[in-house]
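Start at 1 and go down the list; that is how both ligands and their atoms are numbered.
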Amino acid sequence: MSLPEGDTIHRAARKIQAALGGREIALADAPSPRSPIHSRSGELAGSTLELAEARGKHLLLHFSDDQVIHSHLGMNGRWFVRADGRLPYGKPWLLLASGGAVASQNGGKILRLVSASRARNDPALLQLGPDPLRPGFNPEAATERLLAYEPSAAVGEALNDQSLIAGVGNVIRIEACFLPRINPWRKVGDLTEPEARAIVDATVWVMETSMKRGSRPKQIYGRSRQPCPRCGGRILTHGQGDDNRVTFWCESCQH
Ligand SMILES: [Zn+2]
């Protein structure tokens, strides 16, 4: 399974909203001793889930009585959502159930139970850039943000920055460079306006297509040394950025 990116989280939010939205939570538990809210999950029992929403790679569950679950899956977290009464195996970090509907999180980078005002003022959320999967996303404005980004940064590195466009992860950024034939090692300062717009449009396309199909469209991710599906050239790979994310690109058709 691929790592969680914004599309994964929007999909989880939609499933949770469909399964538990508007319902009173009958069971709230955090049986794993490693859960950051191990001792506090019971506070949610009896409250109603008003809205499940994704913001980039963050997921927020807004409950009545002003409580919010703030979650980020990081590299290894998972949401499990069922409407058929089946419970997840093991001891999840969070388990919410109502009738036959169950949502649970296991693992992750962030799992907090906070007040609505604390969630609203969370620095990690305030600094997020626009999210292509949220209403009101404006591709022109996102293009301007990309063109105004640190000129010496590589394009592939800039796309990793959640303050530029929220929800873009490793697969999305690689495919969003491949589609418009942009080399991810190009400097942002070297992009023309139409090139920047093409990267933004490709990012939106990959994320929206993933939501429609239920899986991310992938052409070159993970295909090191294989022939490019577009031109037959060789797919190269190398770590990129401070956190050395593995990057793939075609040596022949991405410039
Ligand atoms: Zn190629």
Let me have the donor-acceptor pairs involving side chains of residues 133-156, under 3.5 Å, with sequence neighbours excluded, atom names and distances please.
from   : atom 1 : to     : atom 2 : distance (Å)
Arg134 : NH1    : Glu53  : OE1    : 2.9
Arg134 : NH1    : Ala54  : O      : 2.8
Arg134 : NH2    : Glu53  : OE1    : 3.2
Asn138 : OD1    : Glu140 : N      : 2.9
Asn138 : OD1    : Ala141 : N      : 3.1
Glu140 : OE2    : Arg197 : NH1    : 3.3
Thr143 : OG1    : Pro139 : O      : 2.7
Arg145 : NE     : Leu164 : O      : 3.2
Arg145 : NH2    : Ser163 : O      : 2.5
Tyr149 : OH     : Asp161 : OD2    : 2.6
Glu150 : OE2    : Ser152 : N      : 3.2
Glu150 : OE2    : Ser152 : OG     : 2.6

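Atom CD in Glu195 sits 4.0 Å away from atom CZ in Arg186 (nearest 0.5 Å).
Asn170 and Arg173 are linked by a side-chain donor-acceptor pair at a separation below 3.5 angstrom, with hydrogens and angles left out of the test.
A salt bridge links Asp84 and Arg82; the closest N-O separation between the charged side-chain nitrogens and carboxylate oxygens is under 4.0 Å. Between Glu175 and Arg216 no salt bridge is recorded (no basic side-chain N to carboxylate O distance below 4.0 Å).
Each protein N/O/S atom under 2.8 Å from the Zn ion (ligand 1) was counted, for a total of 4.
For the side chain to side chain contact (heavy atoms under 4.5 Å, CB included) test with His58, the passing option among Leu128, Asp122, Leu73 is Leu128; the others fail.
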